[in-house]
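In what follows, chains are A, B, ... by sequence order, proteins preceding strands, each numbered from 1.
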2 protein chains.
Amino acid sequence: MATIKDVARMAGVSTATVSRVLTGNGPFTPDTRRKVMEAIEKLNYQPNGLGRYLRKQETRTVIVVLPDITNPFFSQIIRGMEDEALAHGFTVILGNTDNHADRQRNYVKLLEERRADGIILTAVRNPQPEIEAIQKIGPVVLACEYSSGMFQSVAIDNEQAAFEATSHLIRLGHKRIAHFAGPSEVVLSGDRLHGYQRALREHGIAEQWVGEGDFSLESGRRLMQKLLQANPRPTALFAASDKMAIGAILEAKLHGLKVPDDLAVVGFDDIEMAEVVDPPLTTIVQPKYQIGVEAMRKLITMLEGRPDPALQTILPHTLVIRRSCGGRPE
Amino acid sequence: MATIKDVARMAGVSTATVSRVLTGNGPFTPDTRRKVMEAIEKLNYQPNGLGRYLRKQETRTVIVVLPDITNPFFSQIIRGMEDEALAHGFTVILGNTDNHADRQRNYVKLLEERRADGIILTAVRNPQPEIEAIQKIGPVVLACEYSSGMFQSVAIDNEQAAFEATSHLIRLGHKRIAHFAGPSEVVLSGDRLHGYQRALREHGIAEQWVGEGDFSLESGRRLMQKLLQANPRPTALFAASDKMAIGAILEAKLHGLKVPDDLAVVGFDDIEMAEVVDPPLTTIVQPKYQIGVEAMRKLITMLEGRPDPALQTILPHTLVIRRSCGGRPE
DNA sequence: TTGTATGCGTTATCAG
DNA sequence: CTGATAACGCATACAA
């Protein structure tokens with residue numbers, strides 16, 4: 001592997017000059033530039049990033065931590081992050097944790113080791129002190145999630161969105177409405193639960209049925225099995241994720257229930273699968289791509305030392321009505 | 001940010017000694033160890049990876065390039081790679097290219113800059129010379145893909161799998177069978193196409209109907225629209241990806257066709273969505289997790305300089321029969 | 001405009 | 001067992 005010394009030797013100049021040509025900084029004549037470029041070409045030279053970044057004390061790389069790469073919900077978010085990063089000359093590396101704290105630590109270590117300049121935690125389920133610890137290591141942005149602490153974050157108003165989803169079911173005439181919640185350690189699970197409860201309360205509905213899942217399809221199936229035994233059985237369901245909603249629909253159909261006639265269902269996220277399931281799923285749409293863009297913009301702003309704007313950025317959501325909730329189909 | 005010098009000063013030893021304690025190599029008394037550890041603790045010291053890796057000329061990091069993070073097919077593969085990497089003390093970073101050559105170059109650059117030790121290219125669509133160029137930069141393993149060149153690779157026998165999928169439709173009595181192929185620049189698209197054609201040939205069927213998509217749901221819909229106008233219309237379809245198969249089913253149903261009665265469908269990959277769509281999709285199952293494990297094992301073997309075993313590793317596949325193809329449901 | 005020399009943070013070699 | 005020192009590859013302050 002050729003180094004800058006080899007290039008310098010072949011071009012008959014000093015390493016400083018090669019470096020100047022390489023970075024574009026510092027002065028040099030067109031002629032030396034030519035000589036250097038020729039040597040680079042001949043040697044097929046590629047600067048060693050470790051050396052360069054050690055010297056510059058920055059890598060122009062950010063790490064994005066995802067709890068579960070299986071979840072298609074994140075695809076668009078990542079795309080937004082990558083587009084924004086690329087536009088600013090940053091490289092994105094993805095870290096998948098499988099909801100495993102140990103693995104997250106692995107990626108935080110990359111930040112500690114200064115192999116990345118900043119980190120974005122997506123829909124993370126860490127307690128606040130842990131996030132604060134990460135914040136001491138380097139710049140952090142939370143995506144799809146906010147926390148009561150002083151963290152930069154980008155998300156929708158989960159409580160309000162859940163309120164609207166539940167209210168929609170109430171407007172369609174339902175009185176017994178169940179909720180499949182996300183894991184309680186995730187802040188946004190609580191937010192969605194509270195939105196559901198507020199909708200019931202404001203419409204004078206006392207009865208509630210809440211089960212806790214982990215956002216997965218399988219947990220939706222499992223909760224549905226339990227729900228089937230409720231007596232009287234709820235006529236509607238608001239699930240905190242599309243996957244749980246879809247799991248519920250599959251399981252309900254398996255047991256001979258008609259969706260939406262016997263059970264109206266609303267999900268959350270609008271993943272691709274939501275349009276594939278039969279019937280297509282009514283759900284909350286998040287501006288996924290935009291969340292990614294905003295989160296990355298925030299992080300880069302911090303990295304460039306500019307004063308950062310709003311601490312918590314709230315983006316707008318919508319309810320897309322498909323056939324799984326009955327009433328007037330689109 | 002504390003450095004090794006700060007630790008050395010506080011502990012009253014040399015940096016060499018700190019390093020010895022840190023790496024566990026070299027001799028030191030329990031007492032110096034204690035002093036060093038205390039200083040590390042107090043200063044909240046974390047070794048700088050750039051310095052360390054520059055010195056050691058290795059990062060124990062591998063980069064995995066994916067063409068499309070949206071594709072759930074890769075989820076399990078990545079999980080296998082990560083588990084295997086972790087077990088050997090390696091860190092995996094993911095690079096998403098969105099099928100964009102420019103972006104892939106971005107990640108290859110990480111290898112060039114020596115910020116990763118090796119690279120795995122997943123279901124890549126590069127022409128062979130390009131892969132050879134990458135191979136000159138550092139160790140490469142191809143996953144879900146093989147190429148005629150001398151590349152380490154892990155995949156199933158795509159041609160044979162496609163042959164079996166198509167043969168299954170023929171056994172069910174179909175004579176007019178369409179194929180939705182993947183992009184022609186992807187080697188495995190050709191393999192699957194050839195398997196389809198071999199099945200027709202071996203069963204004495206002359207007529208074929210082939211459309212080229214890009215593995216996406218949308219392209220499946222688009223090809224189905226064209227297929228609907230064929231006269232006489234094929235009674236069965238073998239798609240080179242589950243997403244295309246599902247797109248075709250949705251579109252067929254939209255136009256009043258019954259699946260599998262009017263159109264029998266077989267897909268490829270067995271993504272989660274395959275069980276969600278109505279009717280559930282008959283498809284080729286790849287040992288996704290195992291492909292990931294094998295690919296990573298290969299790369300690590302190369303990195304550790306051990307002689308590598310088989311160049312091309314072929315893993316077994318199966319055909320899982322669900323309801324989308326008619327005949328005898330499972 | 002160019003070269004010399006230094007330091008980024010670490011580890012390994014070599015003396016002691 | 002420990003310390004001084006060189007080296008990894010590069011960028012930059014300073015001198016020429």
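For B:Asn25, the side-chain atoms get nearest to C:dA12 when compared with the rest of C:dA12, C:dT10, D:dC10. Distance from the side chain of A:Thr23 is smallest to D:dA11 among D:dT2, D:dA11, C:dG3. Of the candidate nucleotides C:dT2, C:dT10, D:dC10, C:dT10 has the atom nearest to the side chain of B:Asn48. Comparing D:dT2, D:dA7, D:dG9 against the side chain of B:Phe28 picks out D:dT2 as the nearest. With distances taken from any side-chain atom of B:Ala16 to the nucleotides C:dT11, C:dC8, C:dA12, the minimum falls on C:dA12. The side chain of A:Lys5 lies closest to D:dC8 when the candidates are D:dC8, D:dT2, C:dT11.
Close to C:dT2, at under 4.0 Å from its OP1 or OP2, lies a side-chain N or O of A:Thr29. In this structure, B:Arg52 does not reach the C:dG9 phosphate: none of its side-chain N or O atoms is under 4.0 Å from OP1 or OP2. Within the structure, a side-chain polar atom (N or O) of A:Thr17 is placed less than 4.0 Å from OP1 or OP2 of C:dG3. Residue B:Ser19 has no polar side-chain atom (N or O) positioned under 4.0 Å from OP1 or OP2 of C:dT10. For C:dG9, the OP1/OP2 oxygens have a side-chain nitrogen or oxygen of A:Gln57 closer than 4.0 Å.
When B:Leu142, B:Val65, B:Val64 are each tested for a side-chain contact (heavy atoms from CB on, under 4.5 Å) with B:Thr122, only one passes: B:Val64.
In this structure, a donor-acceptor pair under 3.5 Å is absent between the side chains of A:Thr29 and A:Asp31. With no hydrogens or angles considered, a side-chain donor-acceptor pair links A:Glu82 and B:Asn96 at under 3.5 Å.
Within 4.0 Å of B:Thr3, counting heavy atoms only, lie sugar-phosphate atoms of the nucleic acid but no base atom. Within the nucleic acid shown, A:Leu50 has no heavy atom closer than 4.0 Å to any nucleic acid atom. Among the heavy atoms of the strands, none lies under 4.0 Å from A:Val18.
Distance, B:Leu54 CG to C:dC8 P: 14 Å, rounded to whole Å. Rounded to whole Å, atom P of C:dT6 lies 18 Å from atom CD1 of A:Ile4. Rounded to a whole Å, the CZ atom of B:Arg114 is 16 Å from the P atom of D:dC8. Rounded to an integer number of Å, the gap from NZ of B:Lys56 to P of C:dG9 is 19 Å. Separating the CG atom of A:Asp6 from the P atom of D:dC10 is a distance of 9 Å, rounded to the nearest angstrom. At whole-Å resolution of the value, CZ in A:Arg55 and P in D:dC10 are 13 Å apart. Counting to the nearest Å, the C1' atom of C:dG9 and the CD atom of A:Glu112 are 16 Å from each other. Summarising the geometry, the separation between OH on A:Tyr45 and C1' on D:dA11 is reported as 11 Å, rounded to the nearest angstrom.
One can find a donor-acceptor pair under 3.5 Å joining the base of C:dG3 and the side-chain atoms of A:Arg20.
Between A:Arg79 and B:Asp98, at least one side-chain N (NZ, or NE/NH1/NH2) sits under 4.0 Å from a carboxylate O, which counts as a salt bridge. Salt bridge B:Glu58/B:Arg114: absent, no basic N to carboxylate O contact under 4.0 Å.
Comparing A:Thr15 and B:Thr32 by the nucleotide of DNA chain D whose heavy atom lies nearest to each, the residue mapping closer to the 5' end is B:Thr32.
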Could you walk me through whether B:Glu294 and B:Lys298 satisfy the salt bridge (Lys or Arg N to Asp or Glu O under 4.0 Å) test, starting with their C-alpha distance in whole Å, then the side-chain angles of each, then the deciding distance to 0.1 Å, before giving a yes or no?
CA-CA 6 Å; B:Glu294 263 312 293; B:Lys298 261 191 171 186; over 6 Å; no

